[in-house]
Amino acid sequence: MNRYDHKEIEPKWQKKWEKEKVFEASDTSTKPKFYALIEFPFPSGQGMHNGHLRSNTAMDIICRKRRAEGYNVLYPIGWDAFGLPTENYAIKTGKQPSVVTKENTDTFRRQLKSAGFSFDWSREIDTTDPAYYKWTQWIFLQFFKQNLAYKKKMSINWCPKDKIGLANEEVVNGLCERCGTPVEKRDKEQWMLAITKYADRLSRDLDTVDYLENIKTQQRNWIGRSEGSEFKFKVEGAGEIKVFTTRADTIFGVTYVVLAPEHPLVDKFIQQIVNAGEVEAYVKKAKAKTEIDRTTEGKEKTGVELKGVKAINPVNGERVSVWVADYVLGGYGTGAVMAVPAHDERDFAFAHKYNLPIKEVIKGEKKNPKKTEYFLEDGILINSGKFDGMKSEEARQKITTDFGEAKVTYKLKDWIFSRQRYWGEPIPLVYCENCAQKGNGWIAVPEADLPVTLPEVKNYQPTNTGESPLSNIKEWVNTKCPACGGPAKRETDTMPNWAGSSWYYLRYVDPKNSKEFASQKLLKKWTPVDWYNGGMEHTTLHLLYSRFWHKFLFDLGLVPTSEPYSKRTAHGLILAADGEKMSKSRGNVVNPDEFITTYGADALRLYEMFMGPFDQPVSWNDDGIVGTFRFLERVWRLQEKVVSEKFVDKIKNIAGKKEKNTPKIETLLHRTIAKVTNDIEDMHFNTAISAMMILTNEFEKLDSIEIEWYKILIQLLAPFAPHIAEELWTVLKNKGFVHQSAWPKSDSTKMENKQIVMIVQVNGKVRSQFEANVGISENEAKNKAISDTNAKKYIDGKQIKRVIFVPNKLINIVVGE
RNA sequence: GCCGGGAUGGCGGAAUGGCAGACGCAAUAGACUCAAAAUCUAUCGAUCGCAAGGUCAUGAGGGUUCAAGUCCCUCUCCCGGCACCA
């Protein structure tokens, strides 16, 4: 027997797998399909990260098990390669982003292969490949044709450092998600995708998928569906103000109405506003505020009354004052609220500050709140005319039917889809002045002319004016209008990096198709994705965006299901040893390469799975990996103890011992099969590994082990540590590859011990234990317990009040004085 | 503020209401060795005891139960998400 040498074994098997194409999914197999997906990596310059390794390994384990269970498994890989880091690196080094991407993907590919993942490399895709982004552009055009992509001048989130506009989802606490710079407001024309049109379905259909509950909750909160009512407050002399409220029952308590600074009516009213100058100054200041200013200024509310403007409460005709205040958000509901200071915390604070009247209209069912406080709960209506005495719930409905209409609003906003940078998919539209005069200036590039490829440029530097660097390339920008043939200009904005990842799982099923993004036949065969694992950080970004795209494609009849992913799980982050996030700037990033060199991919894979619960964050610890490495060495050395035809003499010598050990070890073996099988499904990889360690430890204690037992251990280990398993499988003279062998089945009849240990408790405290046969009766157990030397001390002289008997486990004698 | 998740030895962690600390790391002692590494054996929550055995112990405090890390109530701290959403 040789020493366990991972450096020899691992490359050897990786080559064989590749050569024999053993992990390539079959488009024609009649086996049941299993489509497993991991988030395809962004090929950054730092190379593969331990986080990738952990989540890829987890899905790799599941896939290898599925294959052994007889599934036709699709486990694809590709590159989400558009994005700012590459572009910034290109600017710094003067290299083409495409060249940088090539270099980085080469590194990543080598690293992923060295970890032994069972990806189907024949389906590798790259979002920056024109053959791929042709279809990203094509899908965009479908949005455009359905009027779900539209250009809008709006106040956007502008990152002054990255010089790029950001989607709402990319702004975190008023800071740029990527670089942490405070985000500014800028007015700019942007392409938008109307994700809000799908808000209701995106929220509702969460009921139909198997996602982790916290993922569903986060998405629901992000979409923020809210049922309420809309009322119109007439304004004397100039139209009406629409307000949205979830508390129609409090409408008799309205003492003023507030408009957001962005509200268009502010401008419209300006003629009749007595203090117009003051109002305009306030609005200007409020609009200029950055997100971070709004949050740091906290809850201190400011506002200005629109003097000379009065609104009329539709339920009682009361004339109330109208204010503009930035505590009302322009982007939510109608951008205006009816203020009920007696029953809303914010309105109360505002009314208090500006001395506005407070009118109580809801009485608590238990006790009256103090006059100086607001009362938020439901109760009984008072001071509400004919609705007095009604309960809040009922009043909401009645008042809405009588005076307003029921309405649903969402927190979700349309997706800002333009980026003013180079390294992204060009938006395949041209602007034609000529056509614009006939009503529509934006013309789709004909499908036959796709892809609109990125031109090579010398300078990727973003411009301070907020124009894309592409706008400097005149020969690219100037083109012919596909509609009228006249001179036209290309759109120079590019798509956000979320575009290519919104549909990549569809391309995997048919990656080389040049006629369609994927054929209907293969989409029917493979989709939906059966199991998608990824990071929680993508819950409100990528995961939501791709569900939206999928539903859109479904509506066009282009994909067979309304949801892309049947099941979604999430991994915990790997933190650095100091418990902080791993990051280049902190200098605490752990590079998997050195561990693969020293201990091998198998030991590293095992360790990353063994570190802790998969869904929990774990801190990296350099020392731990020796534990799993030693475990593999021990498994390797068990070869010596294997009994086979080769060691006939040995069998004779140890025959007696073997007999004695067999029942006990078989019990453990079958329990281990069951445990590993279940734990993989539940993603409890750490306890599965521990179970295999226990089995190995027990094997070591024996003088010999049956070849069948060893074989099963190797099969169980194979998904986790595929290389060593493959090698040992061959040593055992098995044919084929270990993962092509059938997954071991546990035999429940062999899982029960004949002998068990009974725990003896007195008054719930453990006092003793004894061995007994399975199925020992309560009486027998009781007799044994009360005659037990140690237990006796606590029982003698006392009255036995009760006996609790848990079969095959425990007997508890309850005694009293 | 609201919504999730969590707190267990020196460390990572395990435990369908039924022996708390499985498994692994680190540590200590011993064997092997000229020596070291590797490996093997033993010990390894605290505390009292020669021992048998006892007591305490799962963030804090209460409760339910024959029995609580696990269920209920109150609180503290940590992590993640949302946050003036009317």
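To find a chain, count down the sequence lines: A is the first, B the second, and so on, and within it residues start at 1.
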>> Strictly under 4.0 angstrom, non-hydrogen atoms only: write out the protein contact profile of nucleotides 15-33 of chain B, one letter per nucleotide from the 5' end, B, S or -.
In response: -B-BB--BBSSS-------
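Against the 90° criterion about 0, the sugar-base torsion of B:rG9 places it in the syn range.
Although no hydrogens or angles enter the test, the distance criterion places a donor-acceptor pair under 3.5 Å between the side chain of A:Arg54 and the main chain of A:Gly572.
Looking at residues two or more places apart in sequence or on another chain, you find a salt bridge (Lys or Arg N to Asp or Glu O under 4.0 Å) between A:Asp249 and A:Arg247, A:Arg396. For A:Asp679, the salt bridge (Lys or Arg N to Asp or Glu O under 4.0 Å) test picks out A:Lys675, with sequence neighbours left out. Considering only residues two or more places apart in sequence or on other chains, A:Phe685 meets the ring pair (Phe, Tyr, Trp, His ring centres under 6.0 Å) condition with A:Phe614.
With both ends at atom P, the span from B:rG62 to B:rG10 equals 24 Å, rounded to whole Å.
Counting non-hydrogen atoms under 4.0 angstrom, A:Tyr794 reaches the backbone sugars and phosphates but no base. A:Arg220 comes within 4.0 angstrom of nothing in the nucleic acid, heavy atoms only. Using a 4.0 Å heavy-atom distance criterion, A:Val814 is classed as a sugar-phosphate-only contact.
Residue pairs satisfying the side chain to side chain donor-acceptor pair (under 3.5 Å) criterion with at least one member in residues 609-621 of chain A, sequence neighbours excluded, are listed as follows: A:Trp620-A:Asp622.
Look at A:Arg802 and you'll find a side-chain N or O under 4.0 angstrom from OP1 or OP2 of B:rC66.
By the neighbour-count criterion of 12 heavy atoms within 6.0 Å, atom NZ of A:Lys359 is densely surrounded, having more than that number from other residues, nucleotides or ligands.
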Show me the protein contacts with nucleotides 2-5 of chain B, counting only N or O atoms at under 3.5 Å.
none

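The partner of B:rC34, taking Watson-Crick or G-U wobble pairs whose two distances both stay under 3.5 Å, does not exist in any strand shown.
Between A:Lys793 and A:Gly333, it is A:Lys793 whose nearest contact on RNA chain B lies nearer the 5' terminus.
With a 6.0 Å cutoff to the six-membered ring centre and a 45° limit on the axis angle, A:Arg568 does not count as a cation-pi contact of A:Tyr211.
Within the 4.5 Å cutoff, no side-chain heavy atoms of A:Val337 are placed close to those of A:Thr245.
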